[in-house]
Amino acid sequence: MCGITGIVSRVRTDIGKILVECSSKLTYRGYDSVGVAAVHNGTVDLRKDVGTIDMVDQQLGLSKMKGDRGIAQLRWATYGAPTRINAQPHFGCTEVFFGAHNGNLHNYYEYREHLIETGHIVRSENDGELCVHAVDKYYEETGNMFEAVRKSTRDLKGAFAYAVGRADEPEIYAVKMGSSLVAGVADTDTIVSSDLPSILPLTNRVIYLQDGEMIVLTPDSIKVYRVEDGKLLDRKPEVSNVDAHAAEKGGYPHFMLKEISEQPQVARDVLGVLQDAKSEDWLRLLEDAEKHYLVACGSSYNAGIVGTYYFNKLAGVPLIPTLGGQFGSMYANTLTEESLCILVSQSGETKDILNVLNHVQETGRGKTLGILNVIGSTLMFNANSFIPMACGYEVSVPATKTYFSQTIIFAYLATKLGERNGNLDPSEAKSVIKMLKEQLPYLAQQTIDKTGILAKNLATTLMDAPDLYCLGYGFTDGVAREGALKIKEICYNHCEGMYSSEFKHGPLSIVTEDYPVIFVTTTEDSWMVINHINEVACRGGRTIVVGEKEDKLQPYVQGKFDYLEVPKSNVLLNPLVDVIPLQLLSYYLSVDKGINPDLPRNLSKTLTVD
Ligand code: M6R
């Protein structure tokens, strides 16, 4: 949530242009409001408003702003409504100090009051403004920016990162205290940002900051210090090999469609990663653990549900799935030194997940295995070990290819673990891995090709459905939840994903003539799902089936497009590809409704708040 970008340049006089170019790569982090503060000839030009970066740029001419340094911020609102006054960056008491933050201040109310009592003019209800006032306050005391930033950081509680500067000093300062921060050094510019994509247009020489560190940007150098004692740290930039063009649409109308279409390649890439030498460490962590908690949120949690079924079936090992936010109150006291928390997070920055990571580390009860996509994330640096999802950038807010990769990782780990613990004999394990490697990428491509047009046509018939259900059974439990999440997230139709045998225990009462219910099935479970389909069909409900072609399912298909038929494969591959038609259905439904699926309202891709 929220993205900050600060740039100091030796040669530029048109800082707005590069700030807009770089920070627009962080759009997935926030698009409630946007602002740029640029320093030109010793004065700060601050322009901000509600809307996406493209809209605000057009309206206020952000990219035409003059100056040699500045800070941009893209906001996902938490403290304070998404209004112009709450948009970031902010000034301090006077227009000399400017700055912006990402994250949340937990002592917002007390600290705001304290600042007002001590004479500060706080204009907004946004917690980011307090970071700027804190620096302003300590600058008055010390007359020194470096000390003012250090002292301020001690006052501010929570998980956040911020960047701040003064109109009459050439540096920009930034601090990391729980939210991600990356810096880069280019030939004539230095840059600090919430995430790598906004650095890459300028340079691939980067430094990932750690919590408790501050960075000072001058036109020629970046220096990293420890906030606590001000000690200069020896941090050298490393070369990132991430492709700067990966965060572009490449001819697709939306990132979401591009990312769905990348899934066959994701299957190849992630299976390649899983077969390298490091997987021995991951399997040993899994083998040595006496309890396995699976902790995730949103789509990552849905993938974890699919994983739970793979672990049961292939490894005979129970995974305990739990939402990140639930873990503390539901399971924290049951952790032992032999527990393993598998923390699944695309961003590696989700606060609900980092809370669990911190708890395990602080108590020393158990180990952590991260499954993550963003290289350089907090989860990557702090988990005992991590498995990369190998998806490249996922820019669209709805998760698609990363969810797909996560489910493949679970299928692979469960197979290897099952082979090692004797739940599968070696030839069985070998044939599952062969199937994943050799068949899955093609199957994913065939599924995209085969279901794309069906999903597109089906979408037009669901435009006016105020709500619907998406039901799964056994292996497709997590798939149905994921399909429902996609429809809710980007189409704004209410869609509940649930276990199909549970539907008769209450929700069935909603079914009237033509009420749509989607059933997702594997060939192994369709005999059971037919009962659940019947319960809806005999009450006049409209049943939509996602799965392989089976004659016994045909009688329940009413409309031309009500069978999202996936290619024939194997029961272990069904749950992996069944999600694809649901991703496509939600995509087309969203577009038909005039929504931009990449940027659904009220959301952010990276949720670094509680
Ligand atoms: O980065 P994470 O995997 O930790 O994010 C978790 C959820 O916020 C995320 O999966 C969210 O549900 C997706 N936008 C859904 O498409």
Side-chain angles (χ1 to χ4, degrees), residues 1-3 26-31 76 78 159 179-180 194-195 254-257 259-260 263 294-307 321-327 341-357 368 370-380 382-383 386-389 391 393-407 409-410 470 478-479 481-492 495 497 579-580 582-587 589-590 595-610:
M1 55 140 290
C2 299
L26 301 183
T27 301
Y28 61 89
R29 288 185 147 248
Y31 35 93
W76 179 70
T78 52
S179 292
S180 57
S194 301
D195 210 347
H254 297 100
F255 281 110
M256 183 179 180
L257 194 58
E259 287 159 5
I260 291 172
Q263 292 177 122
L294 188 142
V295 193
C297 304
S299 292
S300 299
Y301 176 75
N302 295 337
I305 297 286
V306 177
T322 167
L323 293 166
Q326 275 181 329
F327 185 84
C341 284
I342 305 169
L343 305 173
V344 192
S345 174
Q346 185 284 130
S347 59
E349 298 292 346
T350 297
K351 183 71 175 13
D352 293 329
I353 301 303
L354 298 186
N355 289 346
V356 179
L357 175 76
T368 52
I371 299 182
L372 52 94
N373 193 42
V374 176
I375 300 302
S377 58
T378 307
L379 181 58
M380 183 190 112
N382 294 289
F386 74 92
I387 304 178
M389 294 174 198
C391 292
Y393 279 123
E394 188 178 65
V395 176
S396 192
V397 168
T400 51
K401 60 178 176 174
T402 54
Y403 163 93
F404 187 58
S405 170
Q406 291 159 5
T407 54
I409 292 171
F410 287 120
C470 188
V479 182
R481 295 180 198 224
E482 177 59 8
L485 177 58
K486 291 284 92 82
I487 293 172
K488 274 186 280 219
E489 184 180 17
I490 61 169
C491 311
Y492 313 156
C495 183
V579 77
I580 292 173
L582 295 168
Q583 294 170 340
L584 289 163
L585 173 65
S586 63
Y587 171 76
L589 188 52
S590 175
I595 297 165
N596 176 356
D598 290 338
L599 302 177
R601 73 178 171 221
N602 302 340
L603 300 184
S604 164
K605 193 161 183 70
T606 308
L607 290 162
T608 58
V609 292
D610 288 298

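For ligands, and for the atoms within them, numbers begin at 1 and follow the listed sequence. Throughout, numbering of the chain's residues begins at 1 and tracks the sequence.
Each salt bridge (Lys or Arg N to Asp or Glu O under 4.0 Å) pair with one or both residues in residues 595-610, not counting sequence neighbours, appears once here: Lys351-Asp610, Glu394-Lys605.
Counting only N and O atoms by type, the side chains of Ser299 and Glu482 include a donor and acceptor under 3.5 Å apart. For Thr400 and Gln263, the side-chain atoms include no donor-acceptor pair closer than 3.5 Å.
Not a single side chain to side chain donor-acceptor pair (under 3.5 Å) links Thr322 to another residue, sequence neighbours left out. Residues passing the side chain to side chain donor-acceptor pair (under 3.5 Å) test with Thr368, sequence neighbours excluded: Asn384.
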Can you list every pair where an N/O of ligand 1 is under 3.5 Å from an N/O on the protein?
from	atom 1	to	atom 2	distance (Å)
ligand 1	1 (O)	Ser345	OG	3.4
ligand 1	1 (O)	Gln346	N	3.4
ligand 1	1 (O)	Ser347	N	2.9
ligand 1	1 (O)	Ser347	OG	2.7
ligand 1	1 (O)	Thr350	OG1	3.4
ligand 1	3 (O)	Ser300	OG	2.6
ligand 1	3 (O)	Gln346	N	2.7
ligand 1	4 (O)	Ser345	OG	2.6
ligand 1	4 (O)	Thr350	OG1	2.5
ligand 1	10 (O)	Ser299	N	3.0
ligand 1	12 (O)	Ser299	N	3.3
ligand 1	14 (N)	Val397	O	3.1
ligand 1	14 (N)	Glu489	OE2	2.8
ligand 1	16 (O)	Ser299	OG	3.2
ligand 1	16 (O)	Ala399	N	2.9
ligand 1	16 (O)	Lys486	NZ	2.9
ligand 1	16 (O)	Glu489	OE1	2.6
ligand 1	16 (O)	Glu489	OE2	3.2

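The closest donor-acceptor contact from the side chain of Tyr301 to the backbone of Leu294 lies at 3.5 Å or more, if one exists at all.
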